[in-house]
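Index from 1, following the sequence.
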Amino acid sequence: SRVSAEAVSSSSSSSSPTATSSSSAFLTGVTRTARLYAVAAPVVIRYRYLEQAQKLFPRSDEETANAEWHALDVAHADHIVDMLKDLRGMYTKYGQMAAGLTANVSEHWSERLRDLEDAVPPRPVDDVLRTIEEETNKPWTETFEAFDEKPLGSASIGQVHRATLRASRKQVCVKVQYPDAQNLFAQDMKTIRSFCRIFAPEQVIIFDELTRQLKEEFDYRQEAANLNQVSANLRATRYLPRDVDVPKPLEKLCTRRMLVMELLPGPKLVDGMRVCAEEEARRLGLSLPDYEAEMRRRFDEDGVPSSYRGASATTIALYTSALRAGVAVRNVAALTYDWTVAKPLGLRQAGWVSARPPPNVPRIVNTLMRVHGHQLLVDGTFQSDPHAGNFLLMPDGRVGLIDYGATKRLTRAERLSACLLYAALWRGDQSRVLQLCKVGGYKSRHMDEGVAYKLCRFGFDTYGRDLLGGKNIQQFMDDLHKTDPLEEAADNLVMASLLSVRLRAVGLSMGYPIVCSRWWGPMADRVLRDEGL
């Protein structure tokens with residue numbers, strides 16, 4: 001439904017916002033902190049207890065040990081994720097990012113945490129309109145002619161709505177920050193960090209990097225600048241407008257808590273793939289949950305394939321063209337029949353059908369990997385938390401890139417370090433990979449070259465069977481730890497690792513296993529040669 005400016009009374013348009021008192025904000029923060037410790041601390045203690053129990057009394061086999069861990073995952077993941085949804089803010093944001101850190105959380109946790117990417121409950125539209133009026137110092141009806149009540153998406157610190165500008169009657173996308181988002185940020189971050197320091201000290205390095213990155217998301221004028229910079233970078237290489245599009249911000253309407261931008265057409269990638277999954281499930285006679293469970297079972301039993309073995313982008317494009325041509329011929333014949341036979345004789349009409357070709361997954365993956373590789377290795381400016389909710393399937397076949405709040409900028413040294421790493425992974429240069437790990441602060445008991453190489457492949461490159469060797473993630477990590485216990489993780493390319501992990505998760509959601517170095521290794525090699533290294 002749409003909120004029409006004409007339907008809003010003058011009294012509601014001019015209502016003054018209610019300030020949140022410092023005592024109320026303090027009480028809210030204390031309540032959120034208490035809930036985190038009350039719900040999450042007992043869960044962490046149970047995990048730590050099992051960890052120590054298995055050290056003191058080793059299980060007879062790995063299958064038994066892993067079953068105990070999985071039982072804990074199943075018992076606790078749901079209500080922890082529900083808590084993160086309810087608390088919203090940085091709790092939701094950290095949960096979203098943790099979903100991509102598969103080296104640090106189990107597959108079951110990662111899967112449940114991904115619910116936070118597109119299932120965050122929205123705030124009431126009145127809260128959104130009140131923020132717009134605070135940011136513009138005038139009734140929202142003077143800026144917008146109409147405003148959709150139902151958001152296009154809701155996230156950790158704000159939500160997005162479709163609206164129509166009053167001045168131009170142009171449809172736009174409006175991103176509005178929640179009223180209390182920034183006020184809660186500092187206290188939430190302090191609480192989460194103290195929780196990690198007590199219960200999960202190995203997460204503090206990652207948490208600190210994420211915190212530095214998240215601080216920049218609260219000024220939407222910066223996101224508008226990010227959109228402009230990313231667009232300029234992509235235009236310089238002709239990725240835009242050939243392969244992708246990025247919404248243009250309307251800078252005169254952008255404020256600290258409101259971002260107005262061009263509305264790109266098309267469903268989110270996550271929604272488009274869900275439709276395809278539903279169709280495939282129907283074809284197999286399964287419900288969507290049963291189909292997804294079967295896909296997970298196959299991955300659990302068989303592991304992630306080392307490479308994609310499906311139809312090529314060209315084959316799918318030819319199929320799509322043939323399907324559309326066939327449907328067009330059928331519709332012409334149906335129209336002719338309806339007008340010449342069915343209508344005059346009162347018979348049932350054939351009707352019009354539309355072609356619904358499947359998404360060209362190889363082309364989408366190729367586009368995402370080339371574009372993000374260029375942003376990481378050449379531009380040094382990239383969306384550090386891409387997930388399937390941040391991409392659109394545009395009607396013309398291009399990919400829409402949205403949400404550049406979490407935009408990471410690398411120094412030249414950091415960018416070239418990423419180039420050196422991906423070039424080394426591409427070549428299989430284990431010695432160089434270990435050297436780069438040492439530079440980043442990596443320490444292990446034996447500094448085993450092979451273990452460091454496998455850790456980097458897992459964190460930056462692939463989940464394939466050729467790396468995991470038939471083991472699940474927990475077994476793989478446990479074996480590496482037994483061979484060479486990790487003492488300190490490298491912290492120089494945390495966001496590059498998150499970029500890789502997120503894109504690999506997007507690929508797996510489309511049935512396309514990604515090996516990042518196959519795209520980014522040759523690209524990194526060219527960058528190093530061009531820069532004389």
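Taking all atoms of both residues into account, the shortest heavy-atom contact from Gly389 to Val270 is CA-CG1, 4.2 Å. Met273 and Pro359 get closest at one heavy-atom pair: SD-CG, 4.0 Å. Between Gly272 and Leu393 the shortest heavy-atom distance is CA-CD1, 4.0 Å. Nearest heavy-atom pair across Leu468 and Phe458 is CD1-CD1, 4.1 Å. Across all their heavy atoms, Gln54 and Trp69 have their closest contact at OE1-NE1, 3.1 Å. Closest approach of Val506 and Ala388 over heavy atoms only: CG2-N, 3.7 Å.
Judged purely by atom type and a 3.5 angstrom limit, Arg432 has no side-chain atom pairing as donor or acceptor with the backbone of Leu420. Looking only at distances, a side-chain donor or acceptor of Ser500 sits under 3.5 Å from a matching main-chain atom of Phe460. Under a 3.5 Å cut-off, the side chain of Ser384 and the backbone N or O of Thr407 do not form any donor-acceptor pair. Between the side chain of His372 and the backbone N or O of Leu368 there is at least one donor-acceptor pair closer than 3.5 Å. Arg415 places no side-chain N or O within donor-acceptor distance of the main-chain N or O of Asp379, the cut-off being under 3.5 Å. Judged purely by atom type and a 3.5 angstrom limit, Asn360 uses its side chain to pair as donor or acceptor with the backbone of Ala313. Side chain of Ser154 to backbone of Gln159: no donor-acceptor contact under 3.5 angstrom is found. Judged by distance alone, the side chain of Gln177 and the main-chain N or O of Arg257 form no donor-acceptor pair under 3.5 Å.
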Open item on the list: side-chain contact (heavy atoms from CB on, under 4.5 Å), that's the test. Do Leu436 and Val433 meet it? Break it down for me.
Closed with: CA-CA 5 Å; Leu436 293 167; Val433 168; 5.5 Å; no
TODO: Go through the steps to decide whether Leu240 and Asp245 satisfy the test side-chain contact (heavy atoms from CB on, under 4.5 Å), and finish with yes or no.
DONE: CA-CA 6 Å; Leu240 193 160; Asp245 202 358; 4.1 Å; yes
- [ ] Verify side-chain hydrogen bond (donor to acceptor under 3.5 Å, both in side chains) between Arg256 and Gln182, making sure each step is shown before the conclusion.
- [x] CA-CA 11 Å; Arg256 187 178 64 82; Gln182 189 162 15; 2.6 Å; yes
TODO: For side-chain contact (heavy atoms from CB on, under 4.5 Å), just list the numbers for Phe391 and Leu401, CA-CA rounded to whole Å, side-chain angles, deciding distance to a tenth of an Å, and then say yes or no.
DONE: CA-CA 5 Å; Phe391 304 122; Leu401 308 178; 3.7 Å; yes
Task: Audit row: Ser194, Tyr37, side-chain hydrogen bond (donor to acceptor under 3.5 Å, both in side chains) steps and yes/no - done: CA-CA 11 Å; Ser194 67; Tyr37 277 86; 3.1 Å; yes
Open item on the list: I'd like to know whether Lys408 forms a salt bridge (Lys or Arg N to Asp or Glu O under 4.0 Å) with Glu414, so could you lay out the CA-CA distance, the side-chain angles of the two residues, the decisive distance to 0.1 Å, and finally the verdict.
Closed with: CA-CA 11 Å; Lys408 175 68 175 177; Glu414 290 171 334; 5.1 Å; no
- [ ] Show the numbers, then the answer: is there a salt bridge (Lys or Arg N to Asp or Glu O under 4.0 Å) between Asp466 and Arg457?
- [x] CA-CA 11 Å; Asp466 61 329; Arg457 285 205 70 200; 3.8 Å; yes
Open item on the list: Is there a side-chain contact (heavy atoms from CB on, under 4.5 Å) between Arg412 and Glu531? Walk through the geometry before answering.
Closed with: CA-CA 11 Å; Arg412 181 174 182 270; Glu531 302 212 17; 2.9 Å; yes
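A 4.5 Å side-chain heavy-atom check between Glu223 and Glu217 finds every atom pair outside the cut-off. No side-chain heavy atom of Asp461 sits under 4.5 Å from any side-chain heavy atom of Cys456. Using a 4.5 Å cut-off on side-chain heavy atoms (C-beta onward), Phe195 and Val44 make contact. Looking at Gln229 and Tyr404, their side chains never come closer than 4.5 Å, going by heavy atoms from C-beta outward. The shortest side-chain heavy-atom distance between Trp520 and Leu425 does not fall under the 4.5 Å cut-off. Annotation: side chain of Pro522 is in contact with side chain of Trp426 (closest heavy-atom distance under 4.5 Å). Annotation: side chain of Ser417 is not in contact with side chain of Val439 (no heavy-atom distance under 4.5 Å). Within the 4.5 Å cutoff, no side-chain heavy atoms of Gln435 are placed close to those of Lys438.
Heavy-atom contacts from other residues, nucleotides or ligands closer than 6.0 Å to CZ of Arg370 number more than 12.
Using the six-membered ring where Trp is involved, Trp519 and Tyr512 have ring planes that are tilted, between 30° and 60° apart.
Distance check, rounded to the nearest 0.5 Å: CG of Leu263 to CE of Met261 gives 9.0 Å. Here Leu410 contributes atom CG and Leu376 contributes atom CG; the two are 6.0 Å apart, rounded to the nearest 0.5 Å. Of the inter-residue distances, the one linking Arg445 atom CZ with Asp484 atom CG reads 8.0 Å to the nearest 0.5 angstrom. Rounded to the nearest 0.5 Å, atoms CG (Asp403) and NE2 (His387) are 6.5 Å apart. For the atom pair Thr33 OG1 and Leu87 CG, the distance stands at 9.5 Å (nearest 0.5 Å). Within the model, atoms CD of Gln187 and CD1 of Ile192 stand 11.0 Å from one another, a figure rounded to the nearest 0.5 Å.
Side-chain atoms of Ser231 and Asn228 form no donor-acceptor pair, as typed in the model, at a separation below 3.5 Å. In summary, the side chains of Tyr47 and Asp73 do present a donor paired with an acceptor at a separation below 3.5 Å, with no hydrogens or angles considered.
Cation-pi contact between Arg32 and Tyr91: absent, since separation from the ring centre below 6.0 Å together with deviation from the ring axis within 45° is not met.
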